[in-house]
Amino acid sequence: MVHSAYDSFELLTGCPSKIESVESYGSKILLGCADGSLLVYAPESTRSATVPEMRKESYALETNLKGFAKKAVVSMQVAESRELLLSLSESIAFHKLSTFEIIAVITKAKGANAFCWDEHRGFLCFARQKRVCIFRHDGGRGFVEVKDFGVPDVVKSMSWCGDNICLGIRKEYVILNATSGAISEVFTSGRLAPPLVVSLPSGELLLGKENIGVIVDQNGKLRPEGRICWSEAPTEVVIQKPYALALLPRFVEIRSLRAPYPLIQTVVFRNVRHLRQSNNSVIIALENSVHGLFPVPLGAQIVQLTAAGNFEEALSLCKLLPPEESNLRAAKEGSIHIRYAHYLFDNGSYEESMEHFLASQVDITHVLSLYSSIILPKTTIVHEADKLDFGDDLHLSRGSSPVSDDMEPSTASNMSELDDSAELESKKMSHNMLMALIKFLQKKRHSIIEKATAEGTEEVVFDAVGNNFESYNSSRFKKINKGRGSIPVSSGAREMASVLDTALLQALLLTGQPSMAENLLRGLNYCDLKICEEILQEGSYHVALVELYKCNSKHREALELINKLAKESKASQSNIAHRFKPEAIIEYLKPLCVTDPTLVLEYSMLVLESCPTQTIELFLSGNIPADMVNLYLKQNAPNLQSTYLELVLAMNEDAVSGTLQNEMVQIYLSEVLDWHGDLSSQQQWDEKVYSLKRKKLLSALESISGYNPETLLKLLPSDALYEERAILLGKMNQHELALSLYVHKLHVPELALSYCDHVYESTHKASGKSTSNIYLMLLQIYLNPRTTTKNYENKISKILSPRSKSLRKVRSRSFSKSRSLGSKKIAAIEIAEDTKASQSSDSGRSDVETDEFIEEGDISIMLDEALDLLSRRWDRINGAQALKLLPKETKLQNLLPFLGPLVRKSSEMYRNCSVVRSLRQSENLQVKDELYNKRKAVMKISGDNMCSLCNKKIGTSVFAVYPNGKTLVHFVCFRDSQSMKAVAQGTPFKKPF
C-alpha cells in the first residue's frame, strides 16, 4: 500500500434479509433483498433531517418495504434529476423516490438481465435474451418504446457511450448504434471473467478482459497506454476520481486513474456482493452488512505521498484541490516541485529536475546554489538563508564514483583505468548538469529580461517627470547597465537579470558552446562586466570578450583588443587569425559612425594604411561630416585626402561644401605644380603633355564650381599651364581672355570652338535665349590679333592687380617631417590665398609680358580659322555682324560655305513667314464671315416673349439676345447681371478661420 486513499467504516450490520443490490440517495442507503423487499437505512444522528451526502457513522433501519418486488431485486439505480428509482427484478419498474410508489413497469422488460440509464436524455436501454430495447421517458408516468434491435448473443454488461451503446456479450465487446442498429466489433472478451463495461467520467469506456481493464473511446478505438492491470479479474469496477476501485474475490483494489495506473491501496473484505458509488464515498455491500469507503482528505493524502517520495501522485492530487483553496494549492505544488526537483537532481535526472524547478517558480539563485563552479555577482536580493545547504559533495564533479579507501587495487594499470573511467563519468555528469541548467535559464530568461527592461523604462520615465523622491534615491545604487551605458539600477528585476545572464554565459562556456555565448552577448543582456571579463580573458574567448565590451559601450577596450589580435594574426596561422583582421576594426566602427564619429576617426587610423579603400568607404557610408574627415586625413594621411574628396564629390557634389571643393582643387593643383617644377628643372616641359594628375586637375576645374578661380589664377606660372588658366578665366566670365589663350598661346582652335559651344549651350539652357556674341568674340580674336592682345594685357593686369597696397607678412609655418611634398604645397597654396602682394603704381605691365604672348612683327590675321568658324557655326552667328568684321579683301567664293546655308535658311524663314501670314489672313476672313452669318440671325418678338432673368414680358422694351439665339432678356436686366458679375469677381471671398 502506497498510502491511505480511503478509510473503511462499517455503516450497518445485521440486515434481516440477504442483500442482492445496493444504492444510495442523499445520506440514505437503499438495499434490495433476495425476498423482494426494499430496506431504507439512514444515519442514526440525522434520521428526521435531510442530509445531502453519506455520513461516516452507524446507520439504522428507517423503512422496510416488503413486497417491493415479487422476486429478488437484482439491480437498482437512482435518477436524481427526475426523482426516480429504477429497479430490476422480474421486470424493470420505476418508483418515486419520496414514497417509493410505482410509476411505471416496463412489461416488455420481463426477463431482462441488464439495463443502463441515460440520465441526460431519459433513455432506458435493457437487454433481454438476444434483444436490446430502448425506451424514452416522456416526462410523466409513461415510457415510449424507441428501438428494438437483435444482437448476436446474450448481453452480460452494457453502458451508454454518447449516442451509442457498448455491449459486453458472451464472447466479445461490440458498439451498437442506437439509431440504425449497426454493430461494430471492438475486441473479444476474456474466457474466464465475464464481460465488464464501465463508463468513465471522460466519456471513455473501461472494458474488462481477464485482469486487464482496457480503455477505449466512444467509437471503440483503443487509447494509447490505456490499460489498467488488476491483481485479479474484477467483477465490478467503480470510478471515483482520481481513483478506480475494483471488486476482487478477496479484497477491494484501488488504483490511480493516471497512467501508468499504479496501485494505491487494498482493502480486505470477504464475500463482497456489490460496489456502489455514492455522492461522497463508495458503498460496499456484503451479504448482511454494509461498509463505506470514505476518501481521506486530499491535503492528508498529499502529505503522505510527499513523505513517501511519490511526488508525481502528490502533484496530480494538488490539481484536484477546490478553486477556493488556490493559494494552498499553489503553495503545496511549489513545495512538492522543489522537493521533487532536489530528489531528481540527486539521482542524476538533471533535465527533469530543472523542469520541476521551473514549475515551482523558485528563485533562480536557489537553483544556482547547486552549482558551486558558477560565479555570481553580488546582489541585494539574494540571501544566504534562502539557499539550501547540500554540503560540499555538490559540485560539478557530483555523481562520480570514487574508489573507497579500503579497496585494494590489484595492479597499477587497473587502478589507472578505473580512475580514467571515473573521470570520464564525472565529466559526462558535469556536462549533463550544465546542459540542464542552460535549458532552465533560457526558459526563465524571457520573463526576467522583460521585467528588467520594463523596470529600466519606468525608471527613465520616473526621472524624466522629476519625481525623484528622497526615499527612492537613497535606496538606489549605481551599476553598469548592459549595452545601455551606466544608469542607476534599483533592487529587483535587473539584478536578477544580471545573475541569470552571468550564470548562463558561464554555463555555455563550460559546455563548449562559445558561439552561443557570443550570440547571448550580441543581444540584449545584463551580464556582469567584471566577472565575465575575467572569465573570458582566462579562457581566451576573444570574440565573446569583444562582444562583452561592445554591449557595455566599452568601445575603446574592444578596439584595442581587436587591433592587438589583428597584429598577432599576421604572425600566426591559428583559427583566431581568420576572425581578427584589420577589416574587423572597420566592421566594428560602422555602427559607431552616427553615435561617436570622433572615435571612428581616431581608430580608423589604425587600419588606414593597410585598408585605405575600406576605410574611406566607412567614412562615406557612415555619413560622418566630410569636413571632419577631411581635417583628420589632412593631419594623419594627406596622401589619401584627394581620394576621399573624389569619392565624396562623386556621390553628391551638392552636399559638399565649397571649402572642400576648393581644397580638392588645391590638392590637384599642388601636385601639378610639383610635376611642372620637376619637368621645368629638367627642361622637359611640354604644354601638350597631359599626365594623370593634370587630367584630374582639368576635370576638377571644369566640373567643380565651389573653388575661388581668382585665387588659383595667381598661383599658375606665367609661362605654362595655359589651358588651366583659360578654364579659370572662363569661370570668371572672362571669355575673351580665355579664347585668346586657346588661340594665340595654345594654338588649338578646336579647344576655342569647344569653349564657345559650351558657353553657348549653357547660356541657351539657362536663359532660353540664344546668343552669338561668344562666336563673334572668337571671330574678332581671329581677325584682330593686335587688339585682342592689348585687351588681354589690360584685363589680365586688372585681374591680377593687388586689392590692397599694404603687404601682409606671411608667417612661415613649420611642417612635420612625416608630411609629403603634396601636403607642403597645399599649405603654400593656403598661404597664397591670404597673401596680397602690392606692386608699384608706375608698373603698368601685367604678369604676362606682351612679348611672351605674341611678337609684334609676327602679328597676322587668322583668316582661314575665321572662315572655318563661319562655315561650321553659321547657324549660331549673326551674319550681318560677322560680315562687318571680315576684311574687305575677303573673296566671296571663300564665304560660300557660310553664306550659302545662311541665305537658304533666311529664304526658308521668309517663305515660312509668308505662309503663316497668308494662313492668318485666311483665318481672319473666316472669322469675319462667321460673324456676319451670326449677325444675320432673325428673332421674332411677340407679346408673349418673357425675359429669362426677371420673368416679365419683353413688350416694347429694348432687349438683348444671347449667342445661342434663343434666350431673350431685357437689356436693362442684361446690363445689371453683367455689373453684378463684375462686382463679384472684384471682391474675393474671405476664407473663414
Side-chain angles (χ1 to χ4, degrees), residues 1-6 8 114 116 156-162 164-169 171-175 185-269 272 274-278 281-284 293 295-296 298 301 304-305 308 310-317 319-320:
M1 181 177 67
V2 178
H3 76 284
S4 296
Y6 288 89
S8 175
C116 58
K156 299 294 183 179
S157 180
M158 63 193 311
S159 177
W160 283 97
C161 53
N164 301 327
I165 307 170
C166 182
L167 305 177
I169 57 180
K171 295 182 180 180
E172 60 182 343
Y173 293 101
V174 296
I175 299 294
E185 297 181 358
V186 181
F187 56 80
T188 58
S189 59
R191 296 181 179 180
L192 302 179
L196 178 63
V197 181
V198 180
S199 179
L200 298 177
S202 61
E204 298 171 319
L205 296 172
L206 179 65
L207 307 181
K209 186 172 184 179
E210 306 299 352
N211 67 322
I212 298 176
V214 182
I215 300 177
V216 298
D217 61 11
Q218 294 184 355
N219 297 318
K221 293 183 179 180
L222 297 177
R223 199 185 74 176
E225 301 181 359
R227 288 178 175 80
I228 302 178
C229 296
W230 310 102
S231 302
E232 299 179 41
T235 56
E236 291 184 10
V237 174
V238 171
I239 305 298
Q240 189 177 46
K241 289 186 69 174
Y243 303 116
L245 294 83
L247 176 58
L248 304 183
R250 294 174 297 172
F251 50 84
V252 175
E253 186 171 290
I254 304 170
R255 289 185 176 269
S256 173
L257 282 176
R258 188 179 60 85
Y261 314 104
L263 175 65
I264 301 299
Q265 184 181 359
T266 57
V267 183
V268 178
F269 284 104
V272 178
H274 297 287
L275 285 181
R276 194 68 180 176
Q277 181 182 2
S278 66
S281 62
V282 176
I283 301 173
I284 300 176
L293 292 179
V296 176
L298 289 177
Q301 294 188 53
Q304 293 181 41
L305 289 169
N310 196 343
F311 301 104
E312 293 186 3
E313 194 67 31
L315 290 172
S316 66
L317 291 183
K319 297 178 182 178
L320 299 178

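Computed from a predicted structure; not experimentally measured. Atoms considered below: every heavy atom in the structure, side chains included; atoms not considered: hydrogens, waters and symmetry mates.
With rounding to the nearest 0.5 angstrom, the CD atom of Gln304 is 10.0 Å from the CG atom of Leu317. The OG atom of Ser316 lies 8.0 Å from the CG atom of Asn310; values are rounded to the nearest 0.5 Å. A distance of 11.5 Å separates SG of Cys161 from CG of Leu200, quoted to the nearest 0.5 Å. Rounded to the nearest 0.5 Å, atoms OG (Ser159) and CD1 (Ile165) are 9.5 Å apart. Expressed to the nearest 0.5 Å, how far CD of Glu312 lies from CG of Leu305 amounts to 11.5 Å. Residue Arg255 holds its CZ atom at 8.5 Å from CD1 of Ile228, rounded to the nearest 0.5 Å.
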Check against side-chain contact (heavy atoms from CB on, under 4.5 Å), Leu275 and Ile284 | CA-CA 5 Å; Leu275 285 181; Ile284 300 176; 3.5 Å; yes

Derivation of the side-chain contact (heavy atoms from CB on, under 4.5 Å) call for Tyr6 and Val252 | CA-CA 11 Å; Tyr6 288 89; Val252 175; over 6 Å; no

Could you go through the side-chain contact (heavy atoms from CB on, under 4.5 Å) check for Leu207 and Val197 one step at a time?
-> CA-CA 5 Å; Leu207 307 181; Val197 181; 3.9 Å; yes

Arg227 vs Leu222, side-chain contact (heavy atoms from CB on, under 4.5 Å): CA-CA, chis, key distance, verdict | CA-CA 9 Å; Arg227 288 178 175 80; Leu222 297 177; 4.0 Å; yes

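Heavy-atom minimum distance, Asn164 versus Gln218: ND2-O, 4.1 Å. Looking at every heavy atom in both residues, Ile212 comes nearest to Cys229 through CG1-SG, 4.4 Å. Shortest non-hydrogen contact noted between Leu205 and Cys166 is CD1-CB, 3.4 Å. When all heavy atoms of Pro195 and Ser157 are compared, the closest pair comes out as O-CB, 3.6 Å.
A donor-acceptor contact shorter than 3.5 Å links the side chain of Tyr173 to the backbone of Gly208. A distance-only check finds no donor-acceptor pair linking the side chain of Glu204 to the backbone of Ile215 [under 3.5 Å]. The backbone N or O of Leu248 sits nowhere less than 3.5 Å from a side-chain atom of Glu232 that would complete a donor-acceptor pair. Panel note: side chain Gln240, backbone Leu245; no donor-acceptor pair is recorded below 3.5 Å. In this structure a side-chain-to-backbone donor-acceptor pair under 3.5 Å is present from Asp217 to Asn219. In this structure, Gln277 contributes its side chain and Ile239 its backbone to a donor-acceptor pair below 3.5 Å. Side-chain N or O atoms of Asn211 include one that pairs as donor or acceptor with a backbone N or O of Trp230 at under 3.5 Å.
A heavy-atom distance below 4.5 Å is not found between the side chains of Val237 and Leu247. Considering only heavy atoms from C-beta on, Leu293 stays 4.5 Å or farther from Ser281 through its side chain. Two residues are said to be in side-chain contact when any heavy atoms from C-beta on lie closer than 4.5 Å; Tyr261 and Ser256 fail this criterion.
In this structure, Tyr243 and His3 have tilted ring planes: the angle between them lies in the 30° to 60° band.
Within a 6.0 Å sphere centred on CZ of Arg258, heavy atoms belonging to other residues, nucleotides or ligands number more than 12.
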